[in-house]
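Proteins get letters first, then strands, A, B, ... in listed order; numbering begins at 1 in each.
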Number of protein chains: 2
Amino acid sequence: MTIKGKATSLDIAHMAGVSQPTVSRALRGSPMVNAETRKRILEIARQLNYKVDKNASSLRCQQSGTLALLFFEDPTPDDSLINPFFHSMLGSITRACALHGHDLLVSFQQLSSDWHADFEDSNKADGIILLGYGDYHESVERLERLVEQGTHFVRWGAALPGQPGVSVGSDNFQGGFDITAHLLDQGCRRIAFLGHADSHYPEFAERYRGHAEALRARGLTPEAALQHDAITTEDSGHNACLALLDRGKRFDAVCAASDLIAIGALRALRERGLRVPDDVAVTGFDDIPLAGSVSPALTTVQQDTKQAGQLLVEKLLGLIAREPVEGINIPVKLVVRESSRRQAL
Amino acid sequence: MTIKGKATSLDIAHMAGVSQPTVSRALRGSPMVNAETRKRILEIARQLNYKVDKNASSLRCQQSGTLALLFFEDPTPDDSLINPFFHSMLGSITRACALHGHDLLVSFQQLSSDWHADFEDSNKADGIILLGYGDYHESVERLERLVEQGTHFVRWGAALPGQPGVSVGSDNFQGGFDITAHLLDQGCRRIAFLGHADSHYPEFAERYRGHAEALRARGLTPEAALQHDAITTEDSGHNACLALLDRGKRFDAVCAASDLIAIGALRALRERGLRVPDDVAVTGFDDIPLAGSVSPALTTVQQDTKQAGQLLVEKLLGLIAREPVEGINIPVKLVVRESSRRQAL
DNA sequence: CTGAAAGCGCTTACAG
DNA sequence: CTGAAAGCGCTTACAG
């Protein structure tokens, strides 16, 4: 019994001596199909290695069972070095999708270019997950457009009031607070902060806010001169740290807004002959795999990527199901390693 | 002018005062449409933010413009630590897909479970890319089944004669040869090889073959006692190195079949108080980002992931277009770092 | 250059 | 419990 091309439900219907809709019902487990008939149909389907045509069923049902992940990456347009933090997010998002019986389309986007957010408009995906750093001010307008169009999407980022759409993020404020408190506990008093601290980078800004709050809680005053902008790349961290050193301001710790920035700072400090943690303690944020392997191993704030991926997918599915959905900030965890361990003064 | 739900080509046809097929033609840039008419249609489509329904067009055309990436991962079933090497592959595959106007479905699979290779059967994808290590003998049968079913697929791995399907891989033999020759140049004479060297792991086996060939080219004889099985994880490398040390065989270099194995070996050697590279030189294979950051930085063989991703996608598209397609082994590059640099004896 | 017609393979009311 | 009918939104011969 050979059939040219792939088998369709009609082929199965003929072979089973029933109508095509009955095949469809049996395959989707409808209760209103005779048990005998169902068994016969399933057996034939198995033999023919039949799979429901997703294009046809998606067209008919007007939903695809697919989510799209849009990965924004500006610093590294061409080569394949993505922020390692996002890799673990990707892993957990994929797994969460599988768990919920959805497929995942993955697409890398330049922040600058027009977003190919037409995955949903073209019915290729039921909703979109946005992932990636970049200047928030440059994307907020496009986010608002997505909301206007009624596109279903969630984004990874700081979940703050007044933002368009639903955001899932880490509790960046708490992370910034905890790691700064830790540095203070180690006896550090003049702590430099590497990373943007303004509304262009809300996640970093929250980390800075936590940082400043921890200082104030100990009666210290955050100094603008001890902060230097940086984005999440090793080079940016390297440059920022050098710039701060050249500024002549003394500091006994670097609180970096991300692990990559911290790793760049480690390199800068080494180049200038400063010992870590003895001369300058260093901390990061993210807990990428590298953090534990660099020397000295990096104290950092661990983001719960596993829960993050799960929540992103679940919130998005909620949105698609037209349930009320709120953003959320996920708790973080301080991970202390050598880069910040020193004798209390 | 509001339309309930999303606009369709019929809506546009009404508004433009033409028939629906004409809209379809104009949108796909068919030459047999009046320039004026086309302009009007495109303008309306833009205003309505119209996007062709992919389900409908895929159903009609019987192809989806989508490829599926199946990621196999046995060692790390649950947590999100994927072999970093595959991350860069993912990056380059995604980019290559975008370049060719295709979307990419990504799916993680347990090696043990039944493959969800039904992406193609369900017409969700036109073809499949298989990526991931594991026992070749356990997967070959399933690969043969894919070939039988006429599924379009390419896999990353050793491209050797007699294998089912089309493989794209690195020139593992040359890599194993080059890095061993380098160790010999550094004065090493008793080189341990960590990694499976049999047909269960064809890529490793090829690396070993190159390794052995380089020894013979210098008049040395490969010794079975200096080889120890290991899979691509740090733990496995760590254990294999300890086992070899416990075996009492002396060696002055470790030629690891992958960077992760080498990093595990570095840890084992450190634990036993052996200095790298002075007591034992160590080399890896892959050139994952970590390789340059561990201490001492790891000498390794760089695989060209960028070209790899491109070739995987292009070969797969060739297969889909029913062109004749051959497997290929991509040239590799030796990257020398501290872990193997020593005074010639 | 354009329209009327058919059909891709499903799912889901609607009858019975 | 089952079948006949309609329709999801496209694309592509087929006429004109």
Side-chain angles (χ1 to χ4, degrees), chain A residues 3-42 44-45 48-66 118-126, chain B residues 3-42 44-45 48-66 118-126:
Chain A
I3 295 177
K4 63 250 153 231
K6 275 170 184 155
T8 70
S9 56
L10 197 60
D11 297 324
I12 297 180
H14 286 150
M15 294 175 67
V18 296
S19 74
Q20 183 268 330
T22 299
V23 173
S24 177
R25 288 191 194 100
L27 258 26
R28 351 194 50 247
S30 155
M32 12 179 243
V33 172
N34 181 294
E36 285 285 288
T37 318
R38 160 182 291 109
K39 228 180 98 187
R40 197 164 71 247
I41 291 173
L42 291 182
I44 297 174
L48 263 53
N49 191 33
Y50 170 80
K51 295 287 175 325
V52 170
D53 186 307
K54 294 278 188 174
N55 293 130
S57 81
S58 299
L59 173 58
R60 176 58 228 248
C61 303
Q62 294 293 75
Q63 57 164 323
S64 60
T66 303
D118 27 293
F119 283 117
E120 186 176 343
D121 296 322
S122 67
N123 285 335
K124 242 191 152 158
D126 302 329
Chain B
I3 294 177
K4 63 252 152 231
K6 272 168 185 156
T8 70
S9 57
L10 196 61
D11 296 323
I12 297 181
H14 286 150
M15 294 176 67
V18 296
S19 74
Q20 183 269 329
T22 300
V23 173
S24 177
R25 288 191 194 100
L27 258 25
R28 348 194 54 246
S30 154
M32 15 178 238
V33 172
N34 181 294
E36 284 286 287
T37 318
R38 161 183 289 109
K39 226 180 98 187
R40 200 165 69 246
I41 291 173
L42 291 181
I44 297 175
L48 263 52
N49 191 34
Y50 170 80
K51 296 287 176 325
V52 171
D53 185 307
K54 293 278 187 170
N55 292 130
S57 81
S58 298
L59 173 59
R60 178 56 229 249
C61 303
Q62 294 293 75
Q63 60 164 322
S64 61
T66 302
D118 27 295
F119 283 118
E120 187 176 344
D121 297 320
S122 68
N123 285 334
K124 245 194 149 155
D126 302 328

**Q** Rounded to the nearest 0.5 Å, how far apart are CG of B/L27 and NZ of B/K51?
**A** 10.0 Å
**Q** Contacts to DNA chain D from residues 27-39 of chain A, heavy-atom cutoff under 4.0 Å, which residues?
**A** A/P31, A/M32, A/V33, A/N34, A/T37
**Q** Atom NZ of B/K54 and atom OG of A/S122: how far apart are they, to the nearest 0.5 Å?
**A** 6.0 Å
**Q** Name all residues meeting the side-chain contact (heavy atoms from CB on, under 4.5 Å) criterion together with B/T22; count only those two or more places apart in sequence or in a different chain, and write none if there are none.
**A** B/V18, B/S19, B/R25, B/T37, B/I41
**Q** Could you check which residues of residues 49-56 of chain A get a heavy atom under 4.0 Å from DNA chain D? Sort them by number, please.
**A** none
**Q** Taking only residues two or more places apart in sequence or in another chain, which ones pass side chain to side chain donor-acceptor pair (under 3.5 Å) with A/S30?
**A** none
**Q** Indicate yes or no for a side-chain donor-acceptor contact from B/D126 to the backbone of B/Q63 under 3.5 Å, with no hydrogens or angles considered.
**A** no
**Q** Hey, which sits more toward the 5' end of DNA chain C by its nearest nucleotide, B/R25 or A/P21?
**A** B/R25
**Q** Who are the side-chain contact (heavy atoms from CB on, under 4.5 Å) partners of B/S57, not counting sequence neighbours?
**A** B/V52
**Q** Taking only residues two or more places apart in sequence or in another chain, which ones pass side chain to side chain donor-acceptor pair (under 3.5 Å) with B/K124?
**A** A/T66, A/D103
**Q** Could you write out DNA chain C as dot-bracket? Rules: Watson-Crick or G-U wobble, both distances under 3.5 Å, brackets [ ] for crossings, | for pairs with another strand, dot for unpaired.
**A** |||.||||||||.|||
**Q** In Å, rounded to the nearest 0.5 Å, how long is the span from CZ of A/F119 to OG of A/S64?
**A** 11.0 Å
**Q** Working to the nearest 0.5 angstrom, can you tell me the gap between A/L10 CG and A/M15 CE?
**A** 12.0 Å
**Q** With heavy atoms under 4.0 Å as the rule, sort B/S9 into base, sugar-phosphate or nothing.
**A** sugar-phosphate
**Q** Of all nucleotides in DNA chain D with an atom under 4.0 Å from a non-hydrogen atom of chain B, which is the first and which the last going 5' to 3'?
**A** D/dG9 to D/dA13
**Q** Report the residues that fulfil side-chain contact (heavy atoms from CB on, under 4.5 Å) with B/Q62, sequence neighbours left out, ordered by chain and then residue number.
**A** A/D53, B/L59, B/N123
**Q** With sequence neighbours excluded, what pairs up with A/S58 under the side chain to side chain donor-acceptor pair (under 3.5 Å) test?
**A** none
**Q** Rounded to the nearest 0.5 Å, how far apart are CZ of A/R40 and CD1 of A/I12?
**A** 12.0 Å
**Q** Return the minimal non-hydrogen interatomic distance between A/A26 and A/R38, and the atom names on each side.
**A** O-NE, 4.0 Å
**Q** Under 4.0 angstrom, heavy atoms only, what part of the nucleic acid is A/S57 near: base, sugar-phosphate, or nothing?
**A** sugar-phosphate
